[in-house]
Amino acid sequence: MSKDWNTRTKLVHEGIRRSQYNEVSEAIFLTQGFVYESAEQAEARFIEIGDDEFIYARYGNPTVRMFEERIAALEGAEDAFATASGMAAVNAALTSLLKAGDHVVSSRALFGSCLYILEEILTRYGVEVTFVDGTDLDAWKAAIRDDTKAVFFETMSNPTLEIIDIAAVTELAHAKGALVVADNVFATPIFSRAVELGVDLVVYSTTKHIDGQGRCLGGVVLGSKELIRKKVEPYLKHTGGALSPFNAWVMLKGMDTLDLRVRASADGALKLAKALDGHAKLSRVIHPSLPSHPQAELASRQMGSGGTMLALDVKGGKDAAFRVLNALEIWTISNNLGDSKSIVTHPATTTHQRLSDEQRATLGITDGLIRLSVGLEDADDLLKDLTTALDQA
Ligand SMILES: *Cc1c(COP(=O)(O)O)cnc(C)c1O
């Protein structure tokens, strides 16, 4: 299916299925079911479903399929299954591979709901989970055992932007026969080489950069045809995590501009990080392209970019951080990311509130830490807004 096209061409043209009307823009097939021409055709379709055949929207839908094929082509994956949200994708990727008695190793720095699935849900069904510092290869090596069935990590962690060495962790996992599942949201599909580096199932919340305009929830699991069709699809089609055709259409249109948007945001993030580095009101500026980032070399090698996010540690803790947030005019206080609007988050009191003080300390989530998702506004305006607000810290 995938042609020898470069990224921007794939993002606009891959996966298109035209109806008998030859529409230019991708059609929304807002239908839950499909009509058969005969009883024999219905029977045949339930025995084996062809590439351009559909039964029921929980199993597949032409608009959803267009989105799956487009992102699979972009990522260089054989196949994909789209889901109702990023968390449905994470849950399906892990649950479809695991059973009671299995062992999983996961990095500790995780999105709150990912942590909940590993810590609370999987363990309830008899899966043993070991958490490690994802940046410590010796810790991975010590934790991955002969009976380890899966390894999980976020390729760039939230909110402190630690980078996992995908190739090295994947090699350790595969040496013990474990499959690798990676949540690649912060790295974005534009700077991703996860499939090429050997990840077995790559997961995205498409709610983030792929929609990128704050409209819809969505997710996707990408991998080999074997894993997607034999493990992920049966789990999802029977448990009901399907993406709505309308949301799939929004995601398709989001992909048209994905490369342009992500690169513009990443340019803005780098500019802000450089300009704010060493600011008198900040004890730390975290961005993977700054020389002070412990894994700057890895980020450059693995992603070729520092991504669209940065984090600032405001001197003076929570009160100072809140004063900065409240003084901002362009930046919006929210918890989404990868949006065209620049967003600021105070992780300690929102996304990471559930964690204990100790857990937050281990992850470097201080009371002064603010996370920034850089949008599409003019970077000079964003910087001016931030420096003016920092005067209030
Ligand atoms: C947002 C996010 C998710 C969850 O995605 P939803 O679409 O909100 O369900 C999972 N992982 C990471 C890293 C995220 O940022």
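This one's a predicted model, so the numbers in the text were calculated from it and none came from an experiment. Along the sequence shown, the residues carry numbers beginning at 1. Numbering of ligands and ligand atoms starts at 1, following listing order.
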Are the side chain of N247 and the backbone N or O of G218 linked by a donor-acceptor pair below 3.5 Å?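 Side chain of N247 to backbone of G218, a donor-acceptor pair under 3.5 Å: no, none is there.
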
Q | Any donor-acceptor pair under 3.5 Å from H293 side chain to V285 backbone | A |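 No, the answer is negative, given that no donor and acceptor are paired below the 3.5 Å cut-off.
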
Numbering as shown, the atoms of ligand 1 that approach [X] to under 4.0 Å (heavy-atom distance):
X	value
F186	15 (O)
G218	7 (O)
G86	5 (O), 6 (P), 7 (O), 9 (O)
V185	12 (C), 13 (C), 15 (O)

If you draw a 6.0 Å radius around CD in E120, do more than 12 non-hydrogen atoms from other residues or ligands fall strictly inside?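 Atom CD in E120 is packed in, count exceeds 12.
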
* More than 12 foreign heavy atoms under 6.0 Å from CD of E377: is that the case here? ->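 Buried by this count: over 12 neighbours within 6.0 Å.
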
To check your reading of the model: name the closest protein heavy atom to [atom], its residue, and the distance in Å.
atom	answer
atom 11 (N) of ligand 1	D183 OD2, 2.6 Å
atom 7 (O) of ligand 1	T207 OG1, 2.6 Å
atom 2 (C) of ligand 1	K208 NZ, 2.4 Å
atom 3 (C) of ligand 1	F111 CE2, 3.4 Å

Check: Hey, does M87 come in under 3.5 Å of ligand 1, counting only N/O atoms on both sides?
Finding: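 Yes.
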
Can a non-hydrogen atom of N158 be found less than 4.0 Å from any atom of ligand 1?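 Flag not set, N158 not near ligand 1.
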
Practice task
Any pair with a residue in residues 35-78 that passes ring-ring contact (aromatic ring centres under 6.0 Å, His included), sequence neighbours left out, goes on the list, sorted by first then second residue, please.
Solution key: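 Matches after skipping sequence neighbours: F34-F54.
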
Item to complete: For the residue pair T148 and H103, confirm or rule out a side-chain donor-acceptor distance under 3.5 Å.
Response: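 Yes, because at least one side-chain N or O of T148 sits under 3.5 Å from a partner of the opposite role on H103.
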
> Is P62 close to F29 at the side-chain level, that is, under 4.5 Å between some pair of heavy atoms?
Replying inline: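 Yes. Closest side-chain heavy atoms under 4.5 Å.
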
